[in-house]
Enquirer: 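The following block contains the structure, expressed as structure tokens.
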Amino acid sequence: MTTPKHTRPVSGSSTSSSSGRSSRACPPPTHDTLNRALQVIPHQGFKRAYQDWSAALLRWNEETRQICIDGKTMRGVKKPSPDTESHIVSAYAPHLQLDLSVGTVPVKRNELDSIRQLLDELYVADALISIDPLGCQRQVAEQGLEVGSHYQLQVNSNQPALLQELEDSLPRTNKGFTFNKKEDLGHGRIETRQMKSLLLNPEMLEDSYAFKDWAGIKSIHQLSRKRYDKRSGKETIKISYCISSVEDSKRVFRAIRDHWKIENLLHYMLDVYLSEDGWSRPAGEGAKNMELLAKIDLFILQCLKTKLGKSIPHVQMLLAKLNPLQLLNLEL
């Protein structure tokens, strides 16, 4: 019986001309195949597996035990309705350059719901949780303490009474405060950061009109950023405030600086090196699963950058030469 015209011989059968041909690696799946697979994988199951994977990589001490929480809207998501989840909230460990988990909400104004969900899902015991002014809410502070973490919250005009008492208390403080200062030079600028910190004793809390409403508050801080541009000769000064359940002002000073790593080492690098903002993604499970894969990809790139001492574009070119099996056996 003759073989049908369109029938391909089975690999490894007697019709194979050599053992080398039968052992060839299968080609990688196409773009459309990957897209369909990501659409059918349940995001919650994939997210739990991602959380377990990231938790196994955690190596930190008291100084580095920090989790930054911030949000970013996924670009290019085809939203069939306003309720489609397209805003990602990330919980990022800056010293590990690793995103521990994500939450998704329809729009930025729902970010608070995702923050509270992440605090419930993650193991955050003894970690310092840093959040921008959007997350500066009494419920967030209380929930953080309930799960065994500490908080460092930036204060803005969304908490007018708290901001007013901070502005009234710190500038006129002449004794009992601690002082931290650091100067950085880069990109043609000199930036000087100075922070004045004050521990709150029971008497001060009792006499306050806003501080006493915040569970576990131990310290208040005023940060001054003075930036001098050497080319233009212009100098700018910005003042910001934060509250914390931590007494150690040096730890808070580091945490304020390290909080920006979620922007510089996560959101910015996802766009620059993976062109994330240019992706076109269907709404649903696929878009959220793609987000997790992108963060795994970026973590691998950053680990190899450190290990090999090469730039990320160079690492990407090296990885492009490997087949799928070599990628799976890669040691970070």
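Quick note: numbers below take in every heavy atom, side chains included, and nothing from hydrogens, waters or symmetry partners.
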Enquirer: At their closest point, which heavy atom of Gly135 faces which heavy atom of Leu112, and how far apart are they?
Expert: CA-CD1, 4.4 Å
Enquirer: Specify the closest pair of heavy atoms between Ser244 and His221, including all atoms of both residues, with the distance to one decimal.
Expert: CB-NE2, 4.0 Å
Enquirer: Between CG of Leu205 and CG of Asp213, what distance do you get to the nearest 0.5 Å?
Expert: 10.5 Å
Enquirer: Look at Asp184 together with Arg257 and state whether they make a salt bridge at an N to O cut-off of under 4.0 Å.
Expert: yes
Enquirer: Determine, step by step, whether Val246 and Gln152 satisfy the side chain to side chain contact (heavy atoms under 4.5 Å, CB included) criterion, reporting the C-alpha distance in whole Å, the side-chain angles of both residues, the deciding distance to 0.1 Å, and the verdict.
Expert: CA-CA 8 Å; Val246 171; Gln152 179 254 303; over 6 Å; no
Enquirer: Indicate yes or no for a side-chain donor-acceptor contact from Gln39 to the backbone of Gly286 under 3.5 Å, with no hydrogens or angles considered.
Expert: yes
Enquirer: Should Asp126 and His150 be marked as a side chain to side chain donor-acceptor pair (under 3.5 Å) after you check the CA-CA gap, both sets of side-chain angles, and the distance that decides it?
Expert: CA-CA 6 Å; Asp126 296 324; His150 302 286; 4.7 Å; no
Enquirer: Are Tyr92 and Gln97 close enough that some pair of their side-chain heavy atoms sits under 4.5 Å apart?
Expert: yes
Enquirer: Starting at NZ of Lys261, measure out to OG of Ser130 and round the result to the nearest 0.5 Å.
Expert: 11.0 Å
Enquirer: What is the minimum heavy-atom distance between Val102 and Ser90, and which atoms define it?
Expert: CG1-OG, 4.0 Å
Enquirer: Is there side-chain contact between Lys321 and Leu319, with heavy atoms separated by less than 4.5 Å?
Expert: no
Enquirer: Cut-off 3.5 Å, side chains only: do Gln154 and Ser240 have a donor facing an acceptor?
Expert: no
Enquirer: Below 4.5 Å, heavy atoms only, C-beta onward: do Leu162 and Phe211 meet side chain to side chain?
Expert: yes
Enquirer: Which atom pair, heavy atoms only, marks the closest approach of Ser149 to Val124?
Expert: CB-O, 3.3 Å
Enquirer: Take Ser197 and Ser219 through the test side chain to side chain contact (heavy atoms under 4.5 Å, CB included) and record every step on the way to the result.
Expert: CA-CA 7 Å; Ser197 305; Ser219 59; 5.7 Å; no
Enquirer: When hydrophobic residues are tied together by side-chain contacts of less than 4.5 Å, even through go-betweens, does Leu128 share a cluster with Ile217?
Expert: no
Enquirer: Side chains of Ile237 and Arg225: does their closest heavy-atom pair fall under 4.5 Å?
Expert: no
Enquirer: Just how far is it from atom CG of Leu119 to atom CD1 of Ile131, taken to the nearest 0.5 Å?
Expert: 6.0 Å
Enquirer: Compute whether any side-chain donor of one residue and acceptor of the other, for Ser101 and Gln51, lie under 3.5 angstrom apart.
Expert: yes
Enquirer: In Å and rounded to the nearest 0.5 Å, what is the SG to CD distance from Cys68 to Gln66?
Expert: 4.0 Å
Enquirer: Given side chains that start at C-beta, do those of Trp53 and Ile296 come closer than 4.5 Å, heavy atoms only?
Expert: yes
Enquirer: One pair to check against side chain to side chain donor-acceptor pair (under 3.5 Å): Thr178 and Ser249. What are the steps and the verdict?
Expert: CA-CA 7 Å; Thr178 56; Ser249 64; 3.2 Å; yes
Enquirer: Determine yes or no for a side-chain-to-main-chain donor-acceptor pair under 3.5 angstrom, with Lys307 supplying the side chain and Glu331 the backbone.
Expert: yes
Enquirer: Would you kindly confirm whether Leu199 and Leu153 end up in one hydrophobic cluster when ILVMFWY residues are joined by side chain heavy atoms under 4.5 Å apart?
Expert: no
Enquirer: Within 45° of the six-membered ring axis of Phe177 and under 6.0 Å from that ring's centre, is NZ or CZ of Lys196 located there?
Expert: yes
Enquirer: Sub-3.5 Å donor-acceptor pair from the side chain of Asn329 to the main-chain atoms of Leu325, do we have one?
Expert: yes
Enquirer: What residue among Lys47, Lys72, Lys295 forms salt bridge (charged side-chain N to carboxylate O under 4.0 Å, His left out) with Asp99?
Expert: Lys295
Enquirer: Any side-chain to backbone donor/acceptor pair from Gln159 onto Ala210? Under 3.5 Å, distance only.
Expert: no
Enquirer: Find out whether the Lys NZ or Arg CZ of Arg193 is both under 6.0 angstrom from the six-membered ring centre of Phe253 and within 45° of the ring's axis.
Expert: yes
Enquirer: If you measure from the Lys or Arg side-chain nitrogens to the Asp or Glu carboxylate oxygens, is any gap between Glu111 and Arg116 under 4.0 Å?
Expert: no
Enquirer: What I'd like to find out is whether the side chain of Ile243 reaches to under 4.5 Å of the side chain of Leu166, using heavy atoms alone.
Expert: yes
Enquirer: Can you tell me how far the CZ atom of Arg189 sits from the NZ atom of Lys234, to the nearest 0.5 Å?
Expert: 13.5 Å
Enquirer: Report the C-alpha separation of Gln143 and Asp120 in whole Å, then their side-chain angles, then the decisive distance to 0.1 Å, and conclude whether the side chain to side chain contact (heavy atoms under 4.5 Å, CB included) test is met.
Expert: CA-CA 8 Å; Gln143 185 178 356; Asp120 277 337; 3.1 Å; yes
Enquirer: Does the ring center of Trp260 lie less than 6.0 Å from the ring center of Tyr268?
Expert: no
Enquirer: Are Leu298 and Leu266 side-chain neighbours, meaning at least one heavy-atom pair lies under 4.5 Å?
Expert: yes
Enquirer: Side chains of Gln222 and Tyr241: do they bring a donor and an acceptor to under 3.5 Å?
Expert: yes
Enquirer: What distance separates Arg65 CZ from Leu58 CG, expressed to the nearest 0.5 Å?
Expert: 7.5 Å
Enquirer: Find out if a path of hydrophobic residues (ILVMFWY) with successive side-chain heavy-atom gaps under 4.5 Å connects Leu134 to Tyr151.
Expert: no
Enquirer: Do Ile67 and Tyr123 belong to the same hydrophobic cluster, where Ile, Leu, Val, Met, Phe, Trp and Tyr are linked whenever their side-chain heavy atoms lie under 4.5 Å apart, directly or via other members?
Expert: no
Enquirer: Write down the atom of Ile69, the atom of His259, and the distance for their closest heavy-atom approach.
Expert: O-CE1, 3.8 Å
Enquirer: Do Glu183 and Ile190 touch side chain to side chain, with heavy atoms closer than 4.5 Å?
Expert: yes
Enquirer: Taking all atoms of both residues into account, what is the closest heavy-atom pair of Ser114 and Val105, and its distance?
Expert: CB-CG1, 3.8 Å
Enquirer: Under the criterion side chain to side chain contact (heavy atoms under 4.5 Å, CB included), I'd like the reasoning laid out for Lys218 against Leu200: C-alpha separation, chi angles, the key distance, then a yes or no.
Expert: CA-CA 6 Å; Lys218 298 278 184 66; Leu200 299 176; over 6 Å; no
Enquirer: Would you check if there is a donor-acceptor pair between the side chains of Tyr50 and Asn289 at a distance under 3.5 Å?
Expert: no
Enquirer: Would you kindly confirm whether Ile262 and Ile256 end up in one hydrophobic cluster when ILVMFWY residues are joined by side chain heavy atoms under 4.5 Å apart?
Expert: no
Enquirer: Give a yes or no on whether the backbone of Asn323 and the side-chain of Gln326 come within a donor-acceptor separation of less than 3.5 Å.
Expert: yes
Enquirer: Distance only, no hydrogens: is a donor on one side chain within 3.5 Å (strictly under) of an acceptor on the other, for Asp168 and Gln164?
Expert: yes
